[in-house]
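Reckoned from all heavy atoms, side chains included, excluding hydrogens, waters and symmetry mates.
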Protein chains: 2
Amino acid sequence: MPRWSPDAALRLEAAAIPLFEQQGFASTTVPQIAEAAGLTTRTFFRHYADKRDVLFLRDREFPHAVSDFMASALPETSAKATVRAGLSAAARGIQNWREPIARRRAIVHGEPALHERELLQRHHLARAIEESLIQRGIDAWQSHTLAAVAVTCFDLAMERWLAGPDDLLFEECVTSAWNDVRDCVDG
Amino acid sequence: MPRWSPDAALRLEAAAIPLFEQQGFASTTVPQIAEAAGLTTRTFFRHYADKRDVLFLRDREFPHAVSDFMASALPETSAKATVRAGLSAAARGIQNWREPIARRRAIVHGEPALHERELLQRHHLARAIEESLIQRGIDAWQSHTLAAVAVTCFDLAMERWLAGPDDLLFEECVTSAWNDVRDCVDG
DNA sequence: GTCTATATCGCGATAGAC
DNA sequence: GTCTATCGCGATATAGAC
């Protein structure tokens with residue numbers, strides 16, 4: 001075993017979230033977070049680019065997960081079907097995480113600086129989807145458009161899911177959101 | 001005439017943009033910008049919440065312009081038609097500003113911190129559209145969805161417009177982007 | 001790990017506009 | 001006088017340099 005716990009990033013995240021909830025993001029300092037995690041300020045900034053970043057640890061794996069999923073899809077599947085399958089898979093993957101997601105969302109949406117960061121993360125997700133589609137031989141512009149539509153639908157579905165009852169299936173929200181978008185542009 | 005020029009915010013913006021272009025955003029300090037505008041650091045922060053904000057002066061009027069336009073539309077016009085008319089009007093409004101928009105875009109997209117801010121601005125725009133639609137009696141969820149689709153299309157159109165030839169009409173790009181989105185969700 | 005620059009903001013004072 | 005925009009000083013925390 002190493003002298004220091006190897007999960008410093010996770011411990012810092014676990015220390016930060018309750019502090020943000022109790023005192024607010026702005027009035028929580030990085031030294032406070034580091035001390036609560038039993039680490040130093042310097043260590044915090046070695047794991048996270050800035051104070052906001054501690055709330056986006058999980059998001060780092062998303063682009064990787066996207067390219068893994070897209071690479072594993074059957075080559076003959078259409079671009080739209082592939083993307084929809086990916087959205088469904090992502091929806092099923094987080095179905096059991098509603099409560100922590102909602103808590104984190106409350107923090108993020110309560111602070112413009114954090115909201116900004118989340119929107120950039122969503123943009124990076126769109127880029128990952130776009131690149132995977134291009135890898136599959138899809139036209140660049142169509143890939144770009146489809147990726148933008150996908151993240152828009154996912155976001156709409158997320159809002160509907162979190163606003164609904166406890167047993168609501170995220171996957172169904174994705175389908176609803178997709179149909180709503182179609183009706184919007186079509187009707 | 002007042003002792004101070006009343007356009008302090010504009011002068012700070014005019015001073016900042018060339019500095020960002022020449023030295024980069026990160027290595028330009030607020031005191032530098034203030035000095036170039038003949039003002040003090042403290043004054044900079046009274047007009048702008050942070051250093052990034054100086055690049056988003058124009059965006060402040062966008063939500064207002066949206067609600068003005070939507071309020072002036074005929075009540076019997078459908079939600080979709082109203083939004084599409086709004087996008088076309090906005091497209092015509094900036095048709096002659098391609099070069100400064102492209103320059104500003106180069107700065108913003110070169111710096112993640114600025115890109116973040118732009119994405120938040122786009123989100124506020126979507127909220128403004130959404131609220132105007134609700135004012136017109138449109139269902140809340142449909143307003144939300146339509147607003148998200150609208151900003152997505154506008155953004156796609158902007159990219160296509162800036163990537164195209166000098167005489168390309170932004171309004172046509174909006175139509176193209178809208179059709180592409182429809183084909184994506186429909187096909 | 002330590003040191004330091006600089007972004008950010010609170011407070012009090014000032015100077016003209018009306 | 002009152003109001004508003006500016007200035008100067010100073011304090012703190014982030015964030016990067018060494």
Visitor: Suppose we call two aromatic rings close when their centres sit under 6.0 Å apart. Are A/Phe154 and A/Phe170 close by that rule?
Guide: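 Yes - the distance between ring centres of A/Phe154 and A/Phe170 falls below the 6.0 Å cut-off.
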Visitor: List the protein contact pattern of nucleotides 3-8 of chain C with one symbol per nucleotide (5' to 3'): B for base contact, S for sugar-phosphate-only contact, - for none; contact means a heavy-atom distance under 4.0 Å.
Guide: ----SB
Visitor: May I have the distance from B/Arg46 (atom CZ) to D/dC9 (atom C1'), rounded to whole angstrom?
Guide: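 So the two atoms are 13 Å apart, to the nearest Å.
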Visitor: Kindly give the cluster partners of B/Ile134, where membership spreads through any ILVMFWY side chain lying under 4.5 Å from a current member.
Guide: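 In the cluster with B/Ile134 there is nothing else; it is isolated.
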Visitor: D/dC7, OP1 or OP2 - any side-chain N/O from B/Thr43 closer than 4.0 Å?
Guide: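 For D/dC7, OP1/OP2 do have a side-chain N/O of B/Thr43 under 4.0 Å.
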Visitor: So, does B/His47 get its side chain near the phosphate of D/dT6, meaning an N or O under 4.0 Å from OP1 or OP2?
Guide: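 Yes, within the criterion.
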Visitor: To the nearest 0.5 Å, what is the distance between OG1 (A/Thr41) and CD (A/Gln32)?
Guide: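 Output value for this atom pair is 10.5 Å.
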Visitor: Check whether the side chain of B/Arg42 and the base of C/dG10 form a donor-acceptor pair under 3.5 Å.
Guide: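 Per atom types, the contact qualifies.
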Visitor: For A/Ile138, run the side chain to side chain contact (heavy atoms under 4.5 Å, CB included) check against A/Ser143, A/Ser78, A/Ser132 and tell me which one passes.
Guide: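 So the option named by the test is A/Ser143.
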Visitor: My understanding is that a hydrophobic cluster links ILVMFWY residues whose side chain heavy atoms are under 4.5 Å apart, including indirect links. Using that, what else belongs to the cluster containing B/Leu74?
Guide: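 ILVMFWY cluster around B/Leu74 holds nothing else.
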Visitor: Would you kindly give the CD-to-C1' distance between B/Glu111 and D/dA15, to the nearest whole Å?
Guide: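 Taking CD of B/Glu111 and C1' of D/dA15, I get 14 Å after rounding.
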Visitor: Between D/dG8 atom P and B/Glu35 atom CD, what is the distance in whole Å?
Guide: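 The answer, rounded to whole Å, is 12 Å.
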Visitor: CG of A/Asp180 to CH2 of B/Trp141: how many Å apart, nearest 0.5 Å?
Guide: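 That separation rounds to 6.5 Å.
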